[in-house]
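Heads up, the thing below is written out as structure tokens.
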There are 2 protein chains.
Amino acid sequence: MFVKITSKTLYSLHFLCALTIKAKSNPQKPVHLREIAKEYDIPFKFLEQIAILMKSVGLVRGTRGKTGGYQLAETPESINLARIIKATEGELLPWADIEGGNEVIGGILHTIFQEQRDEIDRKLSAISLSQIAEKARQRLEPAPMFYL
Amino acid sequence: MFVKITSKTLYSLHFLCALTIKAKSNPQKPVHLREIAKEYDIPFKFLEQIAILMKSVGLVRGTRGKTGGYQLAETPESINLARIIKATEGELLPWADIEGGNEVIGGILHTIFQEQRDEIDRKLSAISLSQIAEKARQRLEPAPMFYL
DNA sequence: ATTGTCCATATCAGTTTGATATGATATATT
DNA sequence: AATATATCATATCAAACTGATATGGACAAT
């Protein structure tokens with residue numbers, strides 16, 4: 001593939017959206033991973049790893065113990081898609097060996113893609129978690145009554 | 001990684017550039033893979049696979065027998081970078097499962113990236129093999145005499 | 001016939017990805 | 001204090017992908 005999004009990113013977005021949506025109706029209260037795993041059909045143990053990763057990059061806070069769980073460490077408005085994807089997929093710029101420099105074709109490609117990468121970074125940075133969560137919430141809403 | 005270029009693409013570009021450059025001084029004459037593999041330091045057997053791939057997508061022609069070799073199947077002006085990368089890395093659009101549709105986050109990401117992918121496609125399509133080969137030729141040129 | 005090329009698969013080691021297993025640590029409840 | 005339930009942290013594993021190698025067939029000029 002050329003542009004690649006792994007399921008780790010998908011799961012991470014589900015996770016963060018869940019925290020965002022649930023915080024609306026009940027702020028302050030941590031959300032259990034089991035709950036999210038069940039609702040979004042994510043393998044629980046995999047979700048645990050993702051939660052730890054999200055915590056390590058400062059996007060969420062974990063509370064231990066029986067009434068523990070996770071909640072966003074920042075407002076969903078201040079968290080953008082670029083930060084999330086960089087956490088899950090690594091830096092947007094890939095070819096470390098190409099950047100080496102003296103390799104001819106690599107150098108050419110590097111020049112060609114530099115501009116494009118900056119553009120992608122800008123666009124992803126302009127999309128906030130709150131926007132994504134809002135769209136997800138809309139799509140998840142049950143059909144209006146008058147369809148029944 | 002997020003945007004990824006494998007060595008198969010690098011080697012392919014070396015291969016196609018070699019054919020382009022050599023065709024200038026000696027058109028019609030097929031170029032041996034062994035020659036290219038040596039000059040560009042590409043594992044010969046790997047290059048063979050790449051040559052077959054390039055042939056299967058119609059970018060080069062192979063001539064068998066003792067005086068055989070490879071040559072471009074089209075003019076280097078009509079071959080663009082998008083075609084080459086699609087041949088080596090697959091379609092620029094990756095997430096077949098995401099495109100499925102009814103998955104919420106996947107659908108959102110698909111929308112977000114659609115525009116960007118088209119943009120990348122346009123930019124890569126605008127860069128021809130002849131341009132790349134020309135740049136490569138310039139960089140490969142020995143230093144001018146008056147530097148000695 | 002022999003040689004040197006393309007052509008086509010099969011295989012293999014290393015890495016990445018998705019997922020599971022095991023257990024430690026922390027805290028609210030009983 | 002004991003227990004239940006949560007986060008936290010590694011270790012491990014199978015499948016897929018990547019880079020590379022191996023083996024052998026088909027073809028044409030000498």
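The sequence lines fix the lettering, A, B, ..., with proteins before strands; numbering per chain opens at 1.
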**Request:** Examine the side chains of B:T75 and B:S78 and answer whether a donor and an acceptor come within less than 3.5 Å of each other.
**Result:**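 The answer is yes; a qualifying pair exists.
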
[atom1] of [X] versus [atom2] of [N]: gap in Å, rounded?
X	N	atom1	atom2	value
B:E89	D:dG19	CD	C1'	12 Å
B:L10	D:dT18	CG	P	14 Å
B:I42	D:dT21	CD1	C1'	16 Å
B:I5	D:dT18	CD1	C1'	14 Å
A:K29	C:dA28	NZ	P	15 Å

Looking at [N], I'd like to know if its phosphate oxygens (OP1 or OP2) sit under 4.0 Å from a side-chain N or O belonging to [X].
X	N	value
B:T6	D:dC17	no
A:Y11	C:dG18	no
B:K4	D:dT18	yes

**Prompt:** Is B:K8 paired with B:E89 through a side-chain N to carboxylate O contact shorter than 4.0 Å?
**Reply:**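 Answer for the salt bridge query: no.
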
**salt bridge (charged side-chain N to carboxylate O under 4.0 Å, His left out) partners of residues 46-59 of chain B, not counting sequence neighbours, each pair once** =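 For residues 46-59 of chain B: B:K45-B:E48.
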
**Prompt:** So which pairs with a foot in residues 57-77 of chain B pass salt bridge (charged side-chain N to carboxylate O under 4.0 Å, His left out), sequence neighbours left out?
**Reply:**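 Listed once each, the pairs are B:E74-B:R83.
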
**Request:** Evaluate the ring planes of A:Y11 and A:F46, with Trp represented by its six-membered ring, and classify them as parallel (under 30°), tilted (30 to 60°) or perpendicular (over 60°).
**Result:**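 A:Y11 and A:F46: perpendicular rings.
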
**Asked** A:F15 vs A:Y70 aromatic rings, parallel, tilted or perpendicular, using cut-offs 30° and 60°?
**Response**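 A:F15 vs A:Y70 ring planes: perpendicular.
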
Please list every donor-acceptor pair under 3.5 Å in which a side-chain atom of residues 122-129 of chain A meets a protein atom from a residue at least two apart or in another chain.
from: A:R122; atom 1: NH2; to: A:E119; atom 2: OE1; distance (Å): 2.7
from: A:K123; atom 1: NZ; to: B:E115; atom 2: OE2; distance (Å): 3.2
from: A:K123; atom 1: NZ; to: B:Q116; atom 2: OE1; distance (Å): 3.3
from: A:S125; atom 1: OG; to: A:D121; atom 2: O; distance (Å): 2.7
from: A:S125; atom 1: OG; to: A:D121; atom 2: OD1; distance (Å): 3.2
from: A:S128; atom 1: OG; to: A:S130; atom 2: OG; distance (Å): 2.8
from: A:S128; atom 1: OG; to: A:Q131; atom 2: N; distance (Å): 3.2
from: A:S128; atom 1: OG; to: A:Q131; atom 2: OE1; distance (Å): 3.3

Using nucleotides 1-6 of chain D, report all nitrogen or oxygen pairs with the protein that are shorter than 3.5 Å.
from: D:dA6; atom 1: O4'; to: A:G65; atom 2: O; distance (Å): 3.3

**Message:** Just to be sure I understand the geometry, which residues of residues 45-61 of chain A put a non-hydrogen atom under 4.0 Å away from DNA chain D?
**Reply:**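 Contacts with DNA chain D under 4.0 Å: A:K45, A:E48, A:Q49, A:I52, A:K55.
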
**Request:** Using the test ring-ring contact (aromatic ring centres under 6.0 Å, His included), find all partners of B:F44 that sit at least two apart in sequence or belong to another chain.
**Result:**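 Expected list: none.
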
**Request:** Kindly check if the number of other-residue, nucleotide or ligand heavy atoms within 6.0 Å of CG (A:N26) is above 12?
**Result:**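 More than 12 heavy atoms, drawn from other residues, nucleotides or ligands, come within 6.0 Å of this atom.
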
